[in-house]
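Reminder, nothing fancy here: chain letters follow the sequence lines and each chain counts from 1.
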Number of protein chains: 2
Amino acid sequence: MKTKNTPSSPKALVARVAGSGNAVDSIARPLVTVDVAIFSIRDDVLSVLLVQRGQGPDEPFPLRWALPGGFVDVKKDATIEDCARRKLADKTGVTTPYMEQLGSWGSAGRDPRAWSVTNVYFALIASDEFCQIDERPPQQWFPVGEAIPRPLAFDHDQLLDAALRRLRDKVEYTVLPASLLPREFTLPELQHTFEIVLNRQLDKSAFRTRMLSAKVIEETGNFRIGPRRPALLYRLAEDATRKLPATFRRAD
Amino acid sequence: MKTKNTPSSPKALVARVAGSGNAVDSIARPLVTVDVAIFSIRDDVLSVLLVQRGQGPDEPFPLRWALPGGFVDVKKDATIEDCARRKLADKTGVTTPYMEQLGSWGSAGRDPRAWSVTNVYFALIASDEFCQIDERPPQQWFPVGEAIPRPLAFDHDQLLDAALRRLRDKVEYTVLPASLLPREFTLPELQHTFEIVLNRQLDKSAFRTRMLSAKVIEETGNFRIGPRRPALLYRLAEDATRKLPATFRRAD
DNA sequence: TGAATAGTGTCTTTCAGACAGTATTGG
DNA sequence: CCAATACTGTCTGAAAGACACTATTCA
């Protein structure tokens, strides 16, 4: 585990001085970062928030677009999840969205500056909240699909693809898309959100039965008043992470 | 993103000297490790491989049991997955088991020595291969459940629980348990493995239909010869990661 | 009252589970 | 033939999808 440098070699010596003198200080440490794939629905299209990188002298991937993220700050952040929430709040001002970890990617080559590991999170924010989000450069929403300005910086093409796969997977057996809506929503709105993410039409009756029997949402008692018949408003239930009773029946 | 240390502060200065002088070198880096939750079936019980920690002067959690793992070696390892495979091969000699990433855990407090991030992998190895695995101390298989010598070192209780949850989740909709068997196996053997992991009996007929219609396994044409009627041998199909057509029907 | 959207009832199809049946081996 | 295990056929009940139906609002 320890490097082969003897204590008298310059590198090991310096590394020792830098820390408290324990064995762990003689080990070369990778860079540790966090990146966040933030999705929302914008103009009825699933979109992701990207940030354009600067073009300083030491800047890798100048002017390329990337998922928002940055180095873990061992002074500020208690956990990597805190770090992800900090990045998210910095970019969007939203502090309590749906967020889960996607995984970590680490290799010698993914960052030209050094061996680095990134811890990737996946966030959904309500479409009524992104309106308040600054979109002035270098930050911008991109509809997923052809519009993504690939190639992204680092290995972010790969990270974004993994995030999309996770979202589309989980739509099949969870109420995840509800987190793309305001806290209160109608069943037709929820169905519409599912249809956008799944990219196919769903049957109204089957959808309602499925959602209500799973008890993942509950009535608020309020109504959405519109130009036509008002619709009951629902919110996510306590245990909204519960799996739905079955997947949407697959086509043959 | 950069630390608040001025270039003249001792710590920043030393850190600069240690590296190439780029901006990234002035950032305090967390420790980066990899841990692997290795499962196998031993005497018809799902078991996990644990390693007992030493008791040197700087050793955290002396004599506690832990998931096998260790520091990423930026010289040896091209990726964190390579690192996990290296740890796995070191411990078991098995080089091509089922392996997937579970996620990463990072916080200020999880390692008393420093802010650290661990990248956790999840491995299944065939029960005919673990026989060849050294079990002399400090390495030992433990049946999951009461027999686990908790509390484990670091936050490994939490990591192990997450690994078990992942396994039990995926049993519901993938052929994962086939990776706990030799490369060729019979359908009754596969069913038995599912039953061990799920901890409940399954119906033979439904199980067979489910596995065969999903095309996740294929006949080898060979038979397992035993004391009674021979059974057809199967192997995992090319696309064995495909989801099964439905979950086992849940109880009411 | 009509248009539009919200929500329900009912029939059909599909498929997992129960369980009894048949098949194939060694002794 | 018997015991034991491998494998199959048939029925049933549960639930998803199709789709027509009713309900409630505004104009």
Side-chain angles (χ1 to χ4, degrees), chain A residues 44 171-175 178 181-182 184-196 198-235 242-252, chain B residues 44 171-175 178 181 184-195 198-235 242-252:
Chain A
D44 265 9
V171 171
E172 298 286 344
Y173 58 91
T174 67
V175 261
L181 288 172
E184 300 200 350
F185 49 84
T186 69
L187 267 170
E189 285 164 1
L190 184 60
Q191 181 177 344
H192 187 228
T193 307
F194 269 80
E195 289 171 342
I196 289 171
L198 284 169
N199 198 29
R200 72 175 198 267
Q201 298 302 111
L202 298 174
D203 179 81
K204 187 168 48 166
S205 172
F207 184 82
R208 301 178 73 94
T209 313
R210 199 164 130 76
M211 291 301 145
L212 295 175
S213 72
K215 298 208 171 73
V216 288
I217 57 174
E218 54 194 24
E219 293 185 11
T220 65
N222 304 325
F223 287 85
R224 165 90 73 232
I225 308 299
R228 306 295 166 198
R229 175 176 175 178
L232 254 173
L233 283 165
Y234 293 82
R235 71 169 79 87
R242 194 192 303 117
K243 292 214 166 65
L244 295 178
T247 57
F248 294 108
R249 186 163 289 171
R250 60 227 109 261
D252 280 329
Chain B
D44 265 9
V171 172
E172 299 286 345
Y173 59 90
T174 67
V175 261
L181 289 172
E184 300 200 348
F185 48 83
T186 68
L187 266 171
E189 286 166 0
L190 184 59
Q191 182 176 343
H192 187 227
T193 306
F194 268 80
E195 288 171 342
L198 284 169
N199 197 29
R200 71 172 199 268
Q201 297 302 110
L202 298 174
D203 179 82
K204 190 168 42 168
S205 171
F207 184 82
R208 299 177 75 93
T209 313
R210 200 164 130 76
M211 290 302 145
L212 295 174
S213 72
K215 299 206 171 72
V216 288
I217 58 175
E218 55 194 23
E219 292 185 13
T220 64
N222 304 324
F223 286 85
R224 164 93 68 235
I225 308 298
R228 306 294 165 199
R229 173 176 176 178
L232 255 172
L233 283 165
Y234 293 82
R235 72 169 79 87
R242 194 189 304 115
K243 291 215 167 62
L244 296 177
T247 58
F248 295 109
R249 184 165 292 170
R250 60 227 111 260
D252 280 329

### Electrostatic pair Arg235(A)-Glu218(A), nearest N-O below 4.0 angstrom
yes
## Note on the structure
Separation of dA16(C) atom C1' from Leu198(B) atom CG, nearest Å, is 15 Å
### Query
Separation of Arg224(A) atom CZ from dT5(C) atom P, in whole Å?
15 Å
### Task
Whole angstrom is fine here: how far is it from CZ in Phe223(A) over to C1' in dT5(C)?
14 Å
## Note on the structure
With sequence neighbours left out, the residues meeting side chain to side chain contact (heavy atoms under 4.5 Å, CB included) with Thr186(B) are Pro188(B), Glu189(B), Arg224(B), Ala231(B), Leu233(B)
### Query
Pick the nucleotide of DNA chain C nearest each of Ala231(A) and Thr209(B); which residue has the one closer to the 5' end?
Ala231(A)
#### Entry: side chain to side chain contact (heavy atoms under 4.5 Å, CB included) evaluation trace for His192(A) with Phe185(A)
CA-CA 11 Å; His192(A) 187 228; Phe185(A) 49 84; over 6 Å; no
### Message
Tell me the interatomic distance from Phe207(A), atom CZ, to dA18(D), atom P, rounded to whole angstroms.
### Response
15 Å
### Message
Nearest 0.5 angstrom please: Gln191(A) CD to Leu202(A) CG, how far?
### Response
5.5 Å
## Note on the structure
To the nearest angstrom, the CZ-P distance between Arg208(A) and dA23(D) comes to 15 Å
#### Entry: Partner set under side chain to side chain donor-acceptor pair (under 3.5 Å) for Arg228(B), not counting sequence neighbours
none
### Task
Indicate for each nucleotide in nucleotides 18-27 of chain C, in 5' to 3' sequence, whether protein heavy atoms under 4.0 Å reach the base (B), only the sugar-phosphate (S), or nothing (-).
BB---BBBB-
### Summary
Leu212(B) atom CG is separated from dA6(D) atom C1', nearest whole Å, by 13 Å
### Task
Measure the distance from NE2 on His192(A) to C1' on dT5(C) and round it to the nearest whole Å.
14 Å
### Message
Could you walk me through whether Leu232(B) and Leu187(B) satisfy the side chain to side chain contact (heavy atoms under 4.5 Å, CB included) test, starting with their C-alpha distance in whole Å, then the side-chain angles of each, then the deciding distance to 0.1 Å, before giving a yes or no?
### Response
CA-CA 8 Å; Leu232(B) 255 172; Leu187(B) 266 171; over 6 Å; no
### Query
Between dC7(D) atom C1' and Gln191(B) atom CD, what is the distance in whole Å?
12 Å
